[in-house]
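First the proteins, then the strands, lettered A, B, ... as listed; each starts at 1. The structure displayed is predicted, hence computed values, not measured ones.
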Amino acid sequence: MTSRPVADEGSSLSMEMVMIDRNEERLEQAPPDEAPVFEAPARGSADELLDAGAHGELDAMRHSAAHVMAEAVVDLLPGAKLGIGPAIADGFYYDFELPRPLTPDDLAAIEERMRASVAADHPFVRGELAAAEGRAFFEGRDQPYKVEILDDLAARAAAAGEAPAPVSTYTHGPFIDLCRGPHVASTGRIGPFRLLSVAGAYWRGRSDRPMLQRIYGTVWPTQQELDAYLWRLEEAKRRDHRRLGRQLDLFSFHDVAPGAAFWHPKGQTLWRTLEDAMREEQRRRGYLEVSTPMLVHRRLWERSGHWDLYQEHMFQLESEGQVYSLKPMNCPESTYIYRARKRSYRDLPLRLAEYGRLHRNELSGTLSGLLRVRQFVQDDAHIYCRPDQLQAEIADLLDLNQAVCRWFGFVPRYRLGTRPDKALGDPALWERAEASLLAALEASGQSFRVEPGEGAFYAPKIDILIDDALDREWQTATIQADLVMLPERFDLTYTDEHGAEQRPVTVHRAIYGSLERFIGVLLEHFAGALPFWCAPVQAVVVSIATRHETAARELGTLLVDRGLRVEVDDSDLRMQNKIRLAEEQKVPVMLVLGDREVEGGTATVRRRGQPPGEQETIGWEELAKRLAAEAAARRPS
RNA sequence: GCCGACGUAGCUCAACUGGUAGAGCAGCGGUUUUGUAAACCGCCGGUCCUGGGUUCGAAUCCCAGCGUCGGCUCCA
């Protein structure tokens, strides 16, 4: 399954965003070795195909499917120029320059043509050409992108002082392609497949190069696996947070504010509940909450470096000849609170939390529901501490993150990103910061992965990833140990016990990341059926007939008084309909009141989806106690 | 921003090749008082995204803008 990109506003607390737009050429693989043709088992036996499904072979099958697709496209659209066609997670794609835009009908025709090629069971045959020969060959076939690839390979070899290596080709039936391989033995070994979509894609991912047409497809060893994958795509659509947001009346988007959500009462209630839970957790951990201005003079951004490096993402306004910007990050302003008075070593650590509303001018084409927005709120905090306190602070953050993950049943994974090539500050400081992060991770007992060079340019960081119910990976929290940017650019100091001025260390961190995005992830993970503790409506009181309405309202009032979010459905709908509506709204608890219950001062508790036989009828007082306890426990169901 | 698709009632969707917009749900009014996922009847509801153009005539065709969706990261 294709995961969403993990780098977005949730992960970039600070200047990191500046560095994301990296267009460095990725190093291409060395020249082709003897690339094996996999000997896949004969087609037709699902078990054998499954057994043979070693990762490399599945990739070979996917890559082979890309070739077959290219064959079909070249056949149906003469003059097609070929880009690249790799295997990717769950499938493959191929990029083409075509005489006209593709339509969904074309996909069906291409698919059909592919099936014919698979049925023909053409063997894949490897060939080899000297570099110059290869270039002439593809030049002669009017394939400029292939020629460019060969030129790059030759240039790279020349730069390394080597002669260009021979290049390999793969032919199946009528189709020949420049290709490193490997492939399956023949087209007949390609499993069940499906073409999925057409999309534009810049040649080599660079916006200054031509826009090609990319066709995505998926292929699997067995029909069951294909079906399971297609089901997962369907399920993802059903769980789409944009659809759920409308269905559950949580938020909406309107064209007057692209990239910014309008929060409806229930959505705002969910938001508030998440925020309040975090506040409570932070209060126990010694945080203080602050709030800084949203509209700030350019002087601040010049000092922080954003003006140079991040200006294109900042919304600017002018007033009385002065230029201001909506803040895209909280960190620079946080330092003004730190510096508002002299700080003593006794003040540290100083943990300043801020639920700041941020604006970033993202490209219009990248906006996507709550997951990619122009306006959002981070559960941000900046921790100012002495260097010797750093490790303990990181440990506390890991613990905080664990606690928050438990509220939702998420199992976090950790990734430590260390000093990148381009980094600010003294390497010795970096080593200390990295050692603190590493020690804290080790002490936490959690497993983690080190990714060398993946830190922010001013700080090593720990990114925290979670998998949702559909096995998609999301980055939520990030923790960055900044010894350089805030402390030095903003000249932060404290006075130590000997009266000397010292430089503090800062930590940038967010646990939910952006509230918008986190809510989007929650909705998709739970398919809208949120845990009791954070559900916007925790219970609906369902009265059966008019004569039960008074009791229903009394019960509703009692539960609301106990701090629960409860609605009373005293409409004249039949109870079946009331239950249906509550189920559709994913309300966790329905409390049924009829003659029996009113008589006994009880209510029948129907949990979301629970059949009547399993329902319990209990007294109001007991019910209120149990529900309040359940809400306070913040369990993930 | 770029490529492509899409934009009809609050929501989900119809309207053959251009002939003047329709259904279900929701909402509103009534009837109904019901025991675990839809009671019945009626009513209201549309600048067919916006602005130009072609045409006797445009939701439908053309151009521009806005918005949404899928991508633009997987490297022969």
Side-chain angles (χ1 to χ4, degrees), chain A residues 2-7 20 22-23 25-29 31-32 35 59 62-63 66-67 82-93 95 101-104 134 138 143 145-146 148-150 152-153 167-170 177-181 196-216 240 242-243 246-247 249 252-259 312 361-369 542-549 572-584 590 592-597 604 606 608-613 615:
Chain A
T2 308
S3 293
R4 306 255 176 199
V6 289
I20 271 173
R22 47 180 109 89
N23 270 335
E25 291 278 299
R26 246 156 266 141
L27 285 183
E28 284 188 30
Q29 290 296 317
D59 278 353
R62 289 176 170 160
H63 183 50
H67 273 227
L82 304 172
I84 58 168
I88 57 174
D90 302 323
F92 59 91
Y93 69 76
D95 287 343
L102 289 168
T103 65
F138 285 101
Q143 290 296 343
Y145 299 104
K146 298 295 181 189
E148 182 176 328
I149 289 164
L150 291 173
D152 280 6
L153 287 176
V167 298
S168 57
T169 59
Y170 277 81
D177 197 1
L178 173 68
C179 179
R180 189 172 48 205
L196 297 173
S197 62
V198 187
Y202 292 113
W203 171 237
R204 299 196 152 173
R206 288 169 45 170
S207 54
D208 55 345
R209 303 304 308 275
M211 177 67 72
L212 305 180
Q213 295 189 66
R214 172 173 299 178
I215 304 176
Y216 282 98
D240 190 311
R242 292 166 293 205
R243 176 196 178 98
R246 186 162 44 227
Q247 188 189 323
D249 196 19
S252 53
F253 285 90
H254 303 278
D255 58 10
V256 290
E312 60 176 326
N361 198 359
E362 306 289 353
L363 293 177
S364 57
T366 63
L367 301 178
S368 176
V542 172
S543 55
I544 291 182
T546 311
R547 61 181 177 281
H548 311 124
E549 279 175 16
D572 68 349
L573 294 172
R574 298 170 67 214
M575 74 166 297
Q576 284 88 334
N577 206 338
K578 294 181 182 183
I579 285 172
R580 175 166 200 262
L581 293 175
E583 285 285 348
E584 275 179 352
M590 284 144 265
V592 178
L593 280 191
D595 288 338
R596 297 200 292 267
E597 289 82 2
T604 297
R606 182 193 204 277
R608 195 163 41 201
Q610 192 178 36
Q615 293 165 22

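- Between B:A37 and A:Arg606, a contact under 4.0 Å exists linking OP1 or OP2 to a side-chain N or O.
- The side chain of A:Arg246 places an N or O atom within less than 4.0 Å of a non-bridging phosphate oxygen (OP1 or OP2) of B:U12.
- Counting any heavy atom pair closer than 4.0 Å across all strands shown, A:Asp595 reaches a base atom.
- Taking the side chain of A:Arg180 as heavy atoms from C-beta on, and the options B:G35, B:C72, B:A76, the nearest nucleotide is B:A76.
- Judged as a salt bridge (charged side-chain N to carboxylate O under 4.0 Å, His left out), and not counting sequence neighbours, the contacts of A:Arg214 are A:Asp95.
- Residues meeting the ring-ring contact (aromatic ring centres under 6.0 Å, His included) test with A:Tyr216, sequence neighbours left out: A:Tyr93.
- Remark: B:A64 base-pairs with B:U50; criterion is Watson-Crick or G-U wobble with both hydrogen-bond distances under 3.5 Å.
- Between the side chain of A:Tyr202 and the base of B:G71, no donor-acceptor pair under 3.5 Å is found.
- Heavy atoms of A:Thr604 sit under 4.0 angstrom from at least one base atom.
- Nucleic acid contact class of A:Leu82 (heavy atoms, under 4.0 Å, all strands): none.
- When heavy atoms are screened at a 4.0 angstrom cut-off, A:Lys146 is found touching the sugar-phosphate backbone but no base atom.
- Here A:Gly369 lies in heavy-atom contact (under 4.0 Å) with sugar-phosphate atoms only.
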For nucleotides 45-49 of chain B, which of its nitrogen or oxygen atoms have a protein nitrogen or oxygen under 3.5 Å away, and what is each distance?
none

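- Place A:Pro86 and A:Ser197 on RNA chain B by their nearest nucleotides, and A:Ser197 ends up nearer the 5' end.
- Residue A:Thr169 is classed as having no contact, given no heavy-atom separation below 4.0 Å to the nucleic acid.
- For A:Gln213 and B:G70, the CD to P distance is 19 Å, given to the nearest whole Å.
- Nucleotide B:G18 is matched to nothing when pairs are restricted to Watson-Crick or G-U wobble geometry with both distances under 3.5 angstrom.
- Residue A:Ala87 is in sugar-phosphate contact alone, with no base atom involved, counting any heavy-atom pair closer than 4.0 Å across all strands shown.
- Between A:Phe138 and A:Leu178, the shortest heavy-atom distance links the atoms CZ-N, 3.2 Å.
- Heavy atoms of A:Tyr216 sit under 4.0 angstrom from primed sugar atoms or phosphate atoms, though from no base atom.
- Checked against B:G71, B:U36, B:C75, the side chain of A:Ile84 finds its nearest nucleotide in B:C75.
- Considering all non-hydrogen atoms of both residues, A:Val592 and A:Ile544 come closest at CG1-CD1, 3.8 Å.
- Heavy atoms of A:Ala201 sit under 4.0 angstrom from primed sugar atoms or phosphate atoms, though from no base atom.
- Taking 4.0 angstrom as the limit, A:Asn577 places none of its side-chain polar atoms (N or O) nearer than this to OP1 or OP2 of B:A37.
- Atom CZ of A:Phe138 and atom C1' of B:A76 are 9 Å apart (whole Å).
- Between B:G70 and A:Arg242, a contact under 4.0 Å exists linking OP1 or OP2 to a side-chain N or O.
- To the nearest angstrom, P of B:C40 lies 12 Å from CG of A:Leu573.
- Shown here, B:A59 forms no base pair; nothing in the strands shown gives a Watson-Crick or G-U wobble contact with both key distances under 3.5 Å.
- Here the shortest heavy-atom pairing between A:His548 and A:Asp595 reads NE2-OD1, 2.6 Å.
- In this structure, the nucleotide among B:G1, B:U34, B:G70 sitting nearest to the side chain of A:Leu363 is B:G1.
- Using the Watson-Crick or G-U wobble rule with both distances under 3.5 Å, B:U34 pairs with nothing in any strand shown.
- The partner of B:G27 is B:C43, by the rule that a Watson-Crick or G-U pair needs both atom distances under 3.5 Å.
- Closest to the side chain of A:Asp572, from the set B:C74, B:U31, B:A37, is B:U31.
- Checked by atom type and distance alone, the side chain of A:His67 never pairs as donor or acceptor with a backbone atom of A:Asp177 at under 3.5 Å.
- Panel note: side chain A:His63, backbone A:Gly181; no donor-acceptor pair is recorded below 3.5 Å.
- Proximity of A:Ile149 to A:Ile84: side-chain heavy atoms (C-beta onward) are separated by under 4.5 Å at one or more points.
- A donor and an acceptor atom sit less than 3.5 Å apart, one in the side chain of A:Gln615 and one in the base of B:U36.
- Both distances falling under 3.5 Å, in either a Watson-Crick or a G-U wobble arrangement, place B:C72 opposite B:G1.
- Considering only the side chain of A:Thr546, B:U33 comes nearest among B:A37, B:U33, B:U36.
- At the heavy-atom level, A:Arg596 lies under 4.0 Å from base atoms of the strands shown.
- Atoms CG (A:Asp95) and C1' (B:G71) sit 10 Å apart, rounded to a whole Å.
- Contact annotation: A:Arg547 reaches the phosphate of B:U34 (side-chain N/O to OP1 or OP2, under 4.0 Å).
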Return the polar atom pairs (N/O with N/O) between nucleotides 59-62 of chain B and the protein under 3.5 Å, or none.
none

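- The shortest distance between the side-chain N/O atoms of A:Ser364 and the OP1/OP2 oxygens of B:G1 is below 4.0 Å.
- Scanning both residues, A:Tyr170 and A:Arg180, for their nearest heavy atoms gives CE1-C, 4.0 Å.
- Rounded to the nearest Å, the gap between the C1' atom of B:G46 and that of B:U31 is 30 Å.
- Judged by distance alone, the side chain of A:Gln143 and the main-chain N or O of A:Leu82 form a donor-acceptor pair under 3.5 Å.
- One atom, NZ of A:Lys578, and another, P of B:G35, lie 12 Å apart when rounded to the nearest Å.
- Per the geometry, CD belonging to A:Glu362 stands 15 Å off C1' belonging to B:C72, to the nearest Å.
- Taking a cutoff of 4.0 Å between a charged side-chain nitrogen and a carboxylate oxygen, A:Arg606 and A:Glu583 qualify as a salt bridge.
- Side-chain atoms of A:Leu150 lie closest to B:A76 of the nucleotides B:U36, B:A76, B:C74.
- Taking every side-chain heavy atom of A:Met575 into account, B:G35 is the closest of B:A37, B:A76, B:G35.
- Each of B:A76, B:G70, B:U34 was ranked by its minimum atom distance to the side chain of A:Arg574; first place goes to B:U34.
- Counting any heavy atom pair closer than 4.0 Å across all strands shown, A:Glu148 reaches no nucleic acid atom.
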| message | For a salt bridge (charged side-chain N to carboxylate O under 4.0 Å, His left out) check, start with the C-alpha distance between A:Arg204 and A:Asp152, then their side-chain angles and the critical distance, and finish with the verdict. | response | CA-CA 12 Å; A:Arg204 299 196 152 173; A:Asp152 280 6; 2.3 Å; yes
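- For the side chain to side chain contact (heavy atoms under 4.5 Å, CB included) test, residues two or more places apart in sequence or in another chain that qualify with A:Ser252 are A:His254, A:Phe262, A:His264.
- Residue A:Glu583 is in base contact, counting any heavy-atom pair closer than 4.0 Å across all strands shown.
- Regarding A:Leu196, its CG atom lies at a distance of 16 Å from the C1' atom of B:C69, rounded to whole Å.
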All N/O contacts under 3.5 Å from nucleotides 27-29 of chain B to the protein, with atom names and distances to one decimal?
none

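- Taking atom CE of A:Met590 as the reference point, atom P of B:A37 lies 10 Å away to the nearest angstrom.
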